[in-house]
Amino acid sequence: MIKLSSKYVEKYDSISEQEKIKLKEIETIINEKASMLDWTDPNQTISQQDLEKIKEYTKKIQKRADLFLVIGIGGSYLGSKAVIEALSPYFSKKTPEVMFIGYHLSGTYLKELLNYITGKSIYVNVISKSGTTLETIACFEIIEKYMKENFSDYQDRIFVTTSKTNNHLTEIAIREHYHTLEIPENIGGRFSVLTPVGLFPIAVGGIDIQELLKGIPSNDEIFQLASRIALIRKHLEEDHKTVEAVTFYEKKLSSLSLWYQQLFAETQGKDEKGILPIPNFNTTNLHSIGQYFQDGKKQVFETVIKIEK
C-alpha cells in the first residue's frame, strides 16, 4: 500500500478547474478502454482458457523442474520478477528456482549460465509480444540449442508467450510444437504483469495467482489514488523537481523499484518531457547519494514506498 502524507506535499497537493477537466477526460478514456488500455480491466488481461493452461503447466513444472528459465526484457520480466521477490521469503529453498535471463547481451553471463544449468532439469518460458526482440531472441537461440542437445522431450519443456499475430516466435512454436500462451493484443508489454506474461512465471514461483487476481481493486479506487499521485508529480515537475528518487527500505522490493522506473520513464519520457525516476535503496544510499539529496541541486524529490507487511 502506498501512503501519501499530505504534510510533505501540501504545497503541491491542489487541483485547478482545468486539471479537473483533464482528469475527467482521462477517466473517460480509461473507462472506454481506448488506445491499448485493456490492462486496466482484469477481465481482459487473461482468458479462462489460459488460466487453466497455466495451472496445468505449473503443476507439471513444479513436479519435474530444478530450474525455470524466463527469457524476456522490459515488461516481459520486470513485473513478474517484482511480484515473486516481494512475496517470497528471502531464504526460500523452493523448487523450481525461477531465473530471469535474456535482458542483456553479456556473452560471459551466457557462458557461465550454461555451466550452471548443466545437469539440471530445465524448463523454459520465452516471452516477446513482437516475437522479434533482439536480446530475447539471441538468448533463446542459445538456450533452445542447449535444450535440443540435452533433452529428448525438449518440445514439452519449452513454452512460448507471444501475440497471436504471425511473428518469428509463433513460427518457431508452430514448427517445433512448443506450448503457447497468448498476450492480449490491446495490452502493451510494460503493462502485462496480469496477463500470461507475468502470471505464468509468478505461478511457477509458488504464488497463488487466483488469490492475486482477487486482490485487484476497482478502477474507481485506483483512479482516485493515481490522480492524486499524478497531480503531485505534475506540480513538482512544474517547480523544476525533475528527478524522482523512488525510495525503499525493504530489500525484497528492489525489483519493484526497477519496474516502477520502467513504467514511469518509458511511458512519460517523450518529447523532452517527464520526470526521471531513479531507484533509491535505503538505508544504503543514505551513506552515499543521500548527501546529494540533502545538499546537492534542488531538483530531486523522494517518493517513499512503505508496506504494512
Side-chain angles (χ1 to χ4, degrees), residues 33-62 65 68-84 98 100-103 123-141 143-144 147 154-205 207-214 216 259 262-263 266:
K33 298 193 188 78
S35 180
M36 299 285 285
L37 284 171
D38 276 358
W39 61 271
T40 64
D41 182 355
N43 295 315
Q44 300 294 324
T45 59
I46 187 164
S47 67
Q48 190 59 41
Q49 181 184 7
D50 274 348
L51 266 177
E52 293 303 320
K53 272 190 185 181
I54 288 173
K55 286 182 192 174
E56 176 193 336
Y57 297 159
T58 298
K59 190 175 179 180
K60 177 168 62 177
I61 292 166
Q62 288 180 334
F68 184 60
L69 298 178
V70 182
I71 306 173
I73 195 169
S76 294
Y77 89 99
L78 280 168
S80 52
K81 190 170 189 286
V83 172
I84 291 170
V98 179
F100 294 89
I101 62 174
Y103 52 89
Y123 282 74
V124 177
N125 179 208
V126 57
I127 306 168
S128 170
K129 185 173 183 182
S130 69
T132 56
T133 311
L134 172 64
E135 297 89 344
T136 304
I137 298 303
C139 182
F140 178 59
E141 286 178 355
I143 296 300
E144 184 186 33
M147 298 298 288
Y154 72 91
Q155 291 164 310
D156 197 40
R157 291 172 175 265
I158 296 177
F159 302 81
V160 175
T161 306
T162 188
S163 62
K164 64 180 178 182
T165 56
N166 191 45
N167 61 50
H168 181 63
L169 266 185
T170 56
E171 289 173 4
I172 293 173
I174 292 167
R175 184 181 70 238
E176 298 288 349
H177 305 289
Y178 295 148
H179 302 289
T180 58
L181 289 163
E182 184 181 316
I183 305 174
E185 205 57 41
N186 288 322
I187 297 178
R190 82 197 77 147
F191 304 111
S192 60
V193 70
L194 296 178
T195 75
V197 169
L199 291 176
F200 185 27
I202 289 169
V204 175
I207 311 296
D208 186 333
I209 59 173
Q210 294 280 22
E211 288 299 306
L212 189 70
L213 290 168
K214 284 180 190 176
I216 302 168
W259 186 28
Q262 186 222 13
L263 289 170
E266 192 176 349

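What you see below is based on every heavy atom in this structure, not just the backbone, and it leaves out hydrogens, waters and symmetry mates.
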Original post:
Are the side chain of E171 and the backbone of N166 linked by a donor-acceptor contact shorter than 3.5 Å?
Top reply: no

Original post:
Rounded to the nearest 0.5 Å, what separation is found between the NE2 atom of H168 and the OG1 atom of T133?
Top reply: 10.5 Å

Subject >> T45 side chain vs P42 backbone, donor-acceptor pair below 3.5 Å >> reply: yes

Original post:
Would you call I158 and F140 a side-chain contact if the rule is heavy atoms closer than 4.5 Å?
Top reply: yes

**OP:** Could you list the residues that satisfy side chain to side chain donor-acceptor pair (under 3.5 Å) with D41, not counting sequence neighbours?
**Re:** K33, N43

Subject >> Side-chain donor/acceptor of K53 to backbone N/O of T180, under 3.5 Å >> reply: yes

Original post:
Can you tell me how far CG of L199 sits from CG of L212, rounded to the nearest 0.5 angstrom?
Top reply: 6.5 Å

Original post:
How about K59: does its NZ atom have over 12 heavy atoms from other parts shown lying under 6.0 Å from it?
Top reply: no

**OP:** For Q155 and E176, indicate whether the former's side chain and the latter's backbone hold a donor-acceptor pair under 3.5 Å.
**Re:** yes

Original post:
Can you find a heavy atom in the side chain of I61 that is under 4.5 Å from one in the side chain of F200?
Top reply: yes

**OP:** Kindly compute the distance separating CD (Q262) from CD1 (I73), expressed to the nearest 0.5 Å.
**Re:** 9.5 Å

Original post:
Do I172 and V160 have side-chain heavy atoms sitting under 4.5 Å apart?
Top reply: no

**OP:** Of all the heavy-atom pairs spanning P196 and L181, show the shortest one and how long it is.
**Re:** CB-CB, 3.9 Å

Subject >> Contact check, side chains of T136 and I127, non-hydrogen atoms, under 4.5 Å >> reply: no

Original post:
Are I71 and E135 side-chain neighbours, meaning at least one heavy-atom pair lies under 4.5 Å?
Top reply: no

Subject >> Step-by-step side chain to side chain contact (heavy atoms under 4.5 Å, CB included) determination, F100 to V98 >> reply: CA-CA 7 Å; F100 294 89; V98 179; 3.8 Å; yes

Subject >> Main-chain N/O of A65 paired with K60 side-chain donor or acceptor, under 3.5 Å >> reply: no

Subject >> Closest non-hydrogen atom pair, E185 against K129 >> reply: O-NZ, 2.8 Å

Original post:
Is there a donor-acceptor contact under 3.5 Å from the side chain of K81 to the main chain of W259?
Top reply: no

**OP:** Drop me the distance from S192's OG to L78's CG, to the nearest 0.5 angstrom.
**Re:** 9.5 Å

**OP:** List in chain and number order the residues that pass side chain to side chain donor-acceptor pair (under 3.5 Å) with T162, two or more places apart in sequence or in another chain; answer none if no residue qualifies.
**Re:** N167

Original post:
Are F68 and Y57 close enough that their ring centers fall under 6.0 Å?
Top reply: no

